[in-house]
Amino acid sequence: MKRHTVTALAAGAAIAALALTGCSGNSADSSSGSKGAPTLAAGKKVTITFAEAMASGALKTELEKVTQEFESKNPNITVELQAQPDYGTLKTKIDAAVTAGTPPTIAQVYGDWAAAYAQSEVLEPLTDYAAADPSATDGLYKGIKNSLYIDKTLYMWPFNASALVTFYNPDLLKAAGVEAPKTWDDFATVAKAVSKDGVVALPIDPGSSSGPAGGTTIFELMAQANGTPVFKDDGTPQFDSPDVVKALQTLVDLKKAGAVQTGTNYPGETALGAQKGVFDISTSTSFYYDQQAVGGKFQLAVAPVPAAADGTRINQINGTNVTMFNKASDDQKAAAWKYMQFLTEAETQSEWAQATGYLPVNPKTLDLPDMKDYIAKNPYVTFASEDLANSSATPPYAWVEEASGDLAAALQSALAGNASPADALKDAQAKAAAAQKAAQ
Amino acid sequence: MRSSKWGTLRSPVAYLFVAPALLIFLVFSIGPTVYTFALSLFKWNKFNPALSKFIGLENYKTVFTGTGNPSFFDTLGVSFYYVAGMVIGGTALGLLLAVLLARGGRALASARTMVFLPHVTPVVATSLVWVWIFNPQFGLANLVVHATGHHNIDFLGDSRWAMPAVLIYSLWHELGFVTVVFLGGLTTISTELAEAAKLDGANRWQEFWFVTFPQLRPVVTLVLLIESVASLQAFTQFFVMTKGGPGYATSTLGFQLYQQAFVFSNTGYAAALAVVLFVITAALSILQLRLQGDRPAKAPRPSTFSRTTRTASTRSQSSSL
Amino acid sequence: MTRRRIRRGRGILIAVAMIVGLAFLAPLLWVVITSLATRGDVYRFPPAFWPDWQWSNYSAAWSAAPWLRYFANTVFIGACTVALVLATSVLAGFAFARMRFAGRNALFITVLCVMMVPQTVLIIPNYVIASRLHLLDTYWIQILPFGASVFGIFLLRQFFISIPTEIFDAAQLDGAGPLRMAFQIAGPLARPSLILVGLNTFMGSWNAFVWPYIMTTTDSIRPIEVGLNAFYGVNGTDWTTLSAAVVFTTIPIVILFLFLQKYFVTGLYSTSGAVR
């Protein structure tokens, strides 16, 4: 009796499993866009959903404001903002929704997330949509434009972009008799000079195997400044190349000298505010958070991120793009495309940048008069935007996330003194290469 | 007494009675368990199941050749580190605390409450408490480190200290439970043997080791098994405190299941790991069930008794020489 | 031993026991102290041990997330789960204890086997199944899977077996059917067991994290520990506000425990008792 029960259960479950596989998957050809992009009939009412992570402070209020402007210009379209508290949660939410077969219309995504979705054929290719106005695509910064393609197909549209800058406490620099560093070699010297009496030059968050953090990005910049970026353009990791090892060794030496400290949850910002840290090298969007942390205790200063030894500016495009899921109805897709384009118009970007500290993705924004006024008051926007024009984002491939986690783990391990930079990076390279192989 | 009609009532209603529970188990436990086996045979695409590929035992090959990322053997090692720490530390310390707190009186009763209290608190909330205690710059734990003359330690960020830190938290949370189970065991110990041993001149330690402990052995074994099964499944504190890091230093099998399935989207591989975890847990649970079904330990025969006391008295005699 | 030696020995014992007890309480006391500290001052080393009595941290924490909603969700889910568990445990426990039917032993062993499957193993397949059945992000997926408990069935069966048969004989003479037997006669007698199972279930529900975290994404139906984790994600640098949130999400269960201590502990005693 018992054996029969078990066999029956097993058979039943197996059948159920196959049934669930077969009857509810997306078929590969469910997307529209066979002959050009869908258009929205005038006056037709439609609601779209936008999963995003602009959940607090100026980011939240500004996105709501911009969305309201769009809705007043397009009264038949309603945009439902689904804000998530952070990017980890955003990814979980999008993943869950896609798995359940009920994805949002559009979502804020990183390139590697989009690569995974594209591989699973749940994204709407935007080639036909963008073909209607080629100047919009061509007018974007090269680095940003490249980040929109996965396997040579256009799957994303820009939304927010930032580059790294150096926030610092000028009083502490003056007290130590040094100036803001211009190259990474300068930085090493200056950092050691200011780190005394309980003050640390640069607190960083090295990240972990679960994901990279600010410290990982700084490390990536240093490696690139030495001559070798951690990822090739096609996403191949180069973690164990000598330039990368040298960068890690520099960080380890700085830590030993007491100039670098590790922590989590934006340690640079916290230390600046407590006046126990001198530099916070992070994205331009940290501007408001850093100002809040500093709270008027001193005048927060902003400088470009250190350059390579020969003066070449090295930076990284951070930020996200927007992607469209192919399960939406044609009307929703048309409406969503309109919204996506609105977000990248010069006027919108001007408003957005001024309120949030993101940099305009549309170069035309810098010519607008109110933007020019803003730049006069906040000169960092100029050099940050210049960096934006000449940098690129992390290559959009599905394994990059896991590989970045491995890199962060190596950084963490070396900084904690548990492995030599060479060993840690060799290990990370092996793991990253395996991840790349598994995903291809 | 021979059971009346009620003990042997044949009624089809019985099926209706067990149906709700069985239905829930079938849909949410048994069915999914079988489904896990099925999933583990696929390279499963959770975003678009139609694209999933049947790959037979490939996932298991990846598991057992250690070619996963992280390697299964690393994960197993991490799990073993944690389980060993919880089981050995928990049992030893729990026994110690039980013996300490076994007497009556208000003071000891309140001490017992204080020891048990952490166990009822939610894991998320108390994990956060300890994240703050382990804070590399401002945490209480570093106060202790400083007192011993060392530099601040980034407990949760240092691959040597992360697991010990999580173990300290987990033991703090779990010891109340273990202690109470041992206290219960202690109440079933007959005091006659202990008193007889004392009369023979046995000191506290001898009384415990030669009289009390042997009678507690079944309870100890039970605790060992319960704790092994429970700690194999520990997840929440790893999620809140370290997210499996630094590196994969605190990425136990239980945590890897989550990471592979929900972060890296390797659902099929995660399912294979789940099957392995299930087999290990099932083996331990069967052991546990066997133990609870065993007949109660026989009362020691007089010869055993005199042997025990004679051992005690010879030891006390030899120590006085 | 002289009486003075006994008293001194006992005095030392009490002292040691109290130190141990306080050591266990210390982290909880520490979070309360931190929750009352001033935001800037808490980033100090060595830390200050006397609270600043900044009750404003509590109001700041309370207004920063939909705690009332989280509490309501937790209580609702807990109550539904307890009701379901008690019902299924009484029914199944009664059937296994007092009724005879074909396959009774086989089914009971099946129930015991369920205990062997760790929850972590079940999350993946349940997630995939629930997503296809559109049960994700609902109250149901947080209640139903926990509506039957092996522990509950085991305990109730144990208890029902121990009830003398005369009671059932008398009831049967009165014309009671099986349903009445189970709920109106056997059930009320099992009060201690029911309280134990109910308390255990409620506590498990309150502390639930992994399952609701994975199965739900909407704030309005999430329980308290998931809410606390999300709060930590947003306010990870603000330890004073975070500590306040930790305190007020934990206090209810602590109070519940302090009032119902003996029920919590009885069950654990019986675990060890079952071995002998």
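Each chain gets a letter, A, B and so on, in the order its sequence line appears, and its residues count up from 1. From a predicted model like this one, the values you see are computed outputs, not experimental measurements.
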For the backbone of B:V123 and the side chain of C:E225, can you confirm whether one donor and one acceptor N or O come within less than 3.5 Å of each other?
no
Indicate yes or no for a side-chain donor-acceptor contact from B:Y35 to the backbone of C:I124 under 3.5 Å, with no hydrogens or angles considered.
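Answer holds: no.
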Could you state the interatomic distance from [atom1] ([X]) to [atom2] ([Y]), rounded to the nearest 0.5 Å?
{"X": "C:N207", "Y": "B:H119", "atom1": "CG", "atom2": "NE2", "value": "9.0 Å"}
{"X": "B:L140", "Y": "C:W30", "atom1": "CG", "atom2": "CH2", "value": "4.5 Å"}
{"X": "B:L23", "Y": "C:T88", "atom1": "CG", "atom2": "OG1", "value": "11.0 Å"}
{"X": "C:L28", "Y": "B:T126", "atom1": "CG", "atom2": "OG1", "value": "7.5 Å"}
{"X": "B:T267", "Y": "C:Y127", "atom1": "OG1", "atom2": "OH", "value": "9.5 Å"}
{"X": "B:T121", "Y": "C:I251", "atom1": "OG1", "atom2": "CD1", "value": "12.5 Å"}

Which region of [X], side chain (C-beta onward) or backbone (N, CA, C, O), has a non-hydrogen atom less than 4.5 Å from a non-hydrogen atom of chain C, or is it both or neither?
{"X": "B:L128", "answer": "both"}
{"X": "B:L97", "answer": "side chain"}
{"X": "B:T221", "answer": "neither"}
{"X": "B:L257", "answer": "both"}
{"X": "B:N142", "answer": "both"}
{"X": "B:L22", "answer": "side chain"}
{"X": "B:F278", "answer": "both"}
{"X": "B:V27", "answer": "backbone"}

Got [X] and [Y] here, is their nearest side-chain heavy-atom distance under 4.5 Å?
{"X": "C:Y213", "Y": "B:T236", "value": "no"}
{"X": "B:Y258", "Y": "C:I123", "value": "no"}
{"X": "B:P122", "Y": "C:T249", "value": "no"}
{"X": "C:I153", "Y": "B:F25", "value": "yes"}
{"X": "C:L122", "Y": "B:S29", "value": "yes"}
{"X": "B:I24", "Y": "C:F146", "value": "no"}

Residues that C:F202 engages under ring-ring contact (aromatic ring centres under 6.0 Å, His included), provided they are two or more places apart
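Scan of C:F202 (ring-ring contact (aromatic ring centres under 6.0 Å, His included), adjacent residues dropped) gives none.
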By ring-ring contact (aromatic ring centres under 6.0 Å, His included), which residues pair with B:F28, not counting sequence neighbours?
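ring-ring contact (aromatic ring centres under 6.0 Å, His included) check on B:F28 returns nothing, list empty.
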Given that the side chain runs from C-beta out, which part of [X] has a heavy atom under 4.5 Å from chain B: side chain, backbone, both or neither?
{"X": "C:V150", "value": "both"}
{"X": "C:A26", "value": "neither"}
{"X": "C:S149", "value": "backbone"}
{"X": "C:V114", "value": "side chain"}
{"X": "C:L199", "value": "neither"}

Sort out for me which of [options] touches chain C most, counting heavy-atom pairs under 4.5 Å.
{"options": "B:L253, B:L273, B:V13", "value": "B:V13"}
{"options": "B:W130, B:W172, B:F17", "value": "B:F17"}
{"options": "B:A21, B:A230, B:A261", "value": "B:A21"}
{"options": "B:L16, B:L101, B:I133", "value": "B:I133"}

What is the ring orientation for B:W132 with C:W239, classed by angle as parallel under 30°, tilted 30 to 60°, or perpendicular over 60°?
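Parallel.
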When the ring planes of B:F239 and C:F209 are compared, do they come out parallel, tilted or perpendicular, using 30° and 60° as the limits?
tilted
Kindly indicate, with the supporting measurements, whether the criterion side-chain contact (heavy atoms from CB on, under 4.5 Å) is fulfilled by B:T113 and C:F24.
CA-CA 10 Å; B:T113 306; C:F24 272 82; over 6 Å; no
Start with the C-alpha distance between B:L108 and C:L13, add both sets of side-chain angles, then the distance that settles side-chain contact (heavy atoms from CB on, under 4.5 Å), and finish with yes or no.
CA-CA 9 Å; B:L108 287 176; C:L13 181 72; 4.0 Å; yes
